[in-house]
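Heads up, the thing below is written out as structure tokens.
Throughout, residue positions are numbered sequentially from 1 according to the sequence presented. Being a predicted model, the structure only gives us computed values, none of them experimental.
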Amino acid sequence: MLAGWREISAGIGATLCCLLFFWLLYSHPPKEGKELEVGTCEITALNRDLSHPRRMIARQTARCACRRGQVAGTTRAKPACVDAQLIASKQWCGMEPCDEGEQCTLLINRSGWSCSRRLGRIKTVTVS
């Protein structure tokens, strides 16, 4: 009779231990910076390469908290949540990625877009 209680109490103890572990795991997620509001993005890394004359190569990494059906993209030259269908179909200019007053043009192979102004300044963005 006493051996039966030991088995039951050991089973209950193991169950409580597992429940405590999962409660700790899901109630305290690992902190990776502050939580973003849904539908917002923040730039987490920005690298600029000025080694080429008259040319700047910039790479940026953003973190976004997008709604269902949206993914991280670019709107008005800033990271933003955009419709996932635009990305899947490579219709980059549908995101309105260029600044005010700039004209968006798809690259021939749809690997990105160019933003151009009347004064001849051109920004080319490729997606990798």
Completion exercise
Closest heavy-atom pair, C64 versus C81, reported as atoms and distance to 0.1 Å, is CB-SG, 4.1 Å
Problem - Exercise: identify the closest heavy-atom pair between A65 and L36 - result: CB-CB, 3.9 Å
Problem - Results of side-chain hydrogen bond (donor to acceptor under 3.5 Å, both in side chains) for T44 - residues two or more places apart only - result: none
Practice task
Apply side-chain hydrogen bond (donor to acceptor under 3.5 Å, both in side chains) to the pair T124 and S114, showing each step before the final yes or no.
Solution key: CA-CA 4 Å; T124 302; S114 289; 3.3 Å; yes
Handout entry: Close side-chain approach of Q60 to P79, heavy-atom, < 4.5 Å
Key = yes
Practice task
Starting at OG1 of T61, measure out to CG of N47 and round the result to the nearest 0.5 Å.
Solution key: 7.0 Å
Practice task
Just jot down the side-chain contact (heavy atoms from CB on, under 4.5 Å) partners of D83, sequence neighbours excluded, or say none.
Solution key: Q85, L86
Exercise for the section: Decide if atom NZ of K90 counts as having more than 12 heavy atoms of other residues, nucleotides or ligands within a radius under 6.0 Å. Expected result: no
Problem - D49 and R59 ion-paired at < 4.0 Å - result: no
Problem - Side-chain touch V127/W92, heavy atoms, less than 4.5 angstrom - result: yes
Exercise for the section: Determine whether R110 and Q91 make a side-chain contact, defined as any pair of heavy atoms from C-beta on separated by less than 4.5 Å. Expected result: yes
Practice task
Report yes if some heavy atom in the side chain of D99 is under 4.5 Å from a heavy atom in the side chain of K123; otherwise report no.
Solution key: yes
Practice task
Could you check C104 against C98 for disulfide (SG to SG under 2.5 Å), going step by step and ending with a plain yes or no?
Solution key: CA-CA 6 Å; C104 181; C98 301; 4.2 Å; no
Fill in the blank from the handout: In terms of heavy-atom contacts, T126 and L107 come closest through CG2-CD1, 4.0 Å
Problem - Gap between atom SG of C115 and atom CZ of R76 - 0.5 Å precision - result: 9.5 Å
Exercise for the section: Determine whether V82 and I87 make a side-chain contact, defined as any pair of heavy atoms from C-beta on separated by less than 4.5 Å. Expected result: yes
Handout entry: R117 vs I122 side-chain heavy atoms within contact, under 4.5 Å
Key = no
